[in-house]
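To keep things clear, I will list the structure first and then write my remarks on it.
Everything numeric here is computed off the predicted structure, so don't read it as measured data. Numbers here simply count residues along the sequence, with the first being 1.
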Amino acid sequence: MTRHGKNCTAGAVYTYHERKKDAEQSGFGSKNVRLGKDSVKDFDCCSLTLQPCREPVITPDGYLYDKESILESLLHQKKEMARKTKAFEKQKRREEQEKHELKVAMERSKVERFEKLEKRLTTKPHDAFNTSKKDEPSTSTANNTKVGKELPSFWIPSLTPQAKPDEAKKPDTKTRCPMSGKPLRIKDLIPVKFTVAAGDDKSLITREVRYKCAVTHDALGNSVPCAVLANTGNVVTMDCVEKLIKKDMLCPFTSEKLKESDIVAIQRGGTGFSGSGVELSAKKDGPAMQV
């Protein structure tokens, strides 16, 4: 489409270019942006701080954290659980007190009804402790209707609607992983030992290749799937796991027998390429345009 065609405002059709341009200016409609490599977490960075881990630990689901960050997160969750538990118990005590007061009021009303019936003369047998519609006093308002069927009113004190506080739900008693949402305990964290790759005199953070496989010495990165051996914490590539370790399921460092749960695959952030297997597009939903 030529520039004249894009700037044409006399067309009878609302083109895609005009709709996209109006959506950017007005803020209506959903916006899609493809994330670049700078927006993707590196494989050796903490999932909370997005910075290289100083003391890395990994969860059984493969999410890498800095030990200080994940312990602070679990401690914050415990404090929130204690606060919510205290509020829930306070609400429960208040509800029990209200039920007790209601029960006492019902008993008092039965006694008052019995005394009222005893004071008046009656010839018909009557059970004072059973409520019937005939014995109930008729309470009327301006429209002569019963109280039980009246709508909430702001002018009658007994019928004024009340705004009750939100009910506190019973809090969860388990700390959870910030990424997967599954229950996570401190003893479930596995210490990770990265093998530093040989390089120049640059600091470890500024290097392009920081770590290598502990067995094959291949360079590790977001494009290389890797795993952690739970018994030692060493990081190896998935090729090493498939071709060497899974043949006899023996640890290459201690010669111990391994289980499938001892091999924890590290969750990667992606490489920035469309074939990396990671969703690299961000979408922000906005209000729809009314035509």
Side-chain angles (χ1 to χ4, degrees), residues 27-28 30 47-48 59-61 63 65 68-189 283-290:
F28 287 92
S30 301
S47 299
L48 289 174
T59 64
D61 295 325
Y63 292 99
Y65 295 101
E68 181 182 357
S69 301
I70 188 61
L71 291 182
E72 185 178 352
S73 175
L74 296 179
L75 180 61
H76 177 71
Q77 292 182 30
K78 288 185 177 180
K79 289 182 178 180
E80 283 294 313
M81 282 189 290
R83 183 185 63 81
K84 291 180 180 179
T85 303
K86 187 176 180 180
F88 178 75
E89 292 177 353
K90 183 177 179 181
Q91 172 185 298
K92 195 173 181 181
R93 289 194 300 267
R94 185 171 62 249
E95 291 177 354
E96 291 178 356
Q97 184 178 0
E98 290 177 357
K99 289 181 180 179
H100 177 70
E101 292 176 355
L102 181 61
K103 185 178 180 180
V104 172
M106 291 179 64
E107 293 293 335
R108 191 187 303 114
S109 64
K110 287 182 180 180
V111 173
E112 292 176 356
R113 191 181 304 112
F114 176 78
E115 293 177 351
K116 185 177 181 180
L117 290 174
E118 286 294 321
K119 289 180 180 179
R120 68 181 184 180
L121 297 176
T122 177
T123 56
K124 296 182 180 179
H126 187 275
D127 189 359
F129 293 99
N130 289 334
T131 306
S132 60
K133 293 183 179 179
K134 294 181 180 179
D135 298 329
E136 287 182 355
S138 58
T139 333
S140 58
T141 55
N143 53 0
N144 295 325
T145 57
K146 291 187 177 181
V147 178
K149 297 182 179 180
E150 289 178 354
L151 296 176
S153 174
F154 289 95
W155 293 272
I156 304 175
S158 61
L159 300 178
T160 303
Q162 299 178 356
K164 296 183 179 180
D166 296 336
E167 295 184 359
K169 297 181 180 179
K170 188 175 182 180
D172 191 5
T173 58
K174 296 180 180 179
T175 54
R176 298 185 177 274
C177 175
M179 297 298 295
S180 63
K182 296 182 180 179
L184 179 65
R185 298 173 297 178
I186 296 178
K187 64 179 183 180
D188 295 335
L189 299 174
K283 183 178 181 180
K284 181 179 179 182
D285 294 330
M289 296 183 64
Q290 299 293 332

- Message: Quick check: do Ile70 and Pro178 have side-chain heavy atoms less than 4.5 Å from each other?
- Response: yes
- Message: Are the side chains of Leu48 and Ser73 in contact, using a 4.5 Å heavy-atom criterion?
- Response: yes
Between [atom1] of [X] and [atom2] of [Y], what distance do you get to the nearest 0.5 Å?
X      : Y      : atom1 : atom2 : value
Arg113 : Lys116 : CZ    : NZ    : 9.5 Å
Glu96  : Glu101 : CD    : CD    : 12.5 Å
Leu184 : Asp61  : CG    : CG    : 8.5 Å
Gln77  : Lys84  : CD    : NZ    : 9.5 Å
Glu107 : Leu102 : CD    : CG    : 10.5 Å
Asp188 : Leu74  : CG    : CG    : 10.0 Å

- Item | Nearest non-hydrogen partners of Asp172 and Arg176, listed with the distance | OD2-NE, 2.7 Å
- Heavy-atom pair of closest approach, residues Met179 and Tyr65: CG-OH, 2.9 Å
- Task: Output yes when Arg83 and Glu80 qualify as a salt bridge under the 4.0 Å nitrogen-oxygen rule, no when they do not.
- Result: yes
- Query: Looking only at atom types and distance, does a side-chain atom of Ser109 sit under 3.5 Å from a main-chain N or O of Met106, one as donor and one as acceptor?
  - Reply: yes
- Is the backbone N or O of Met81 less than 3.5 Å from a side-chain atom of Thr85, with the two atoms forming a donor-acceptor pair by type? yes
- Return yes when atom CD of Glu95 has more than 12 non-hydrogen atoms of other residues, nucleotides or ligands closer than 6.0 Å, and no otherwise. yes
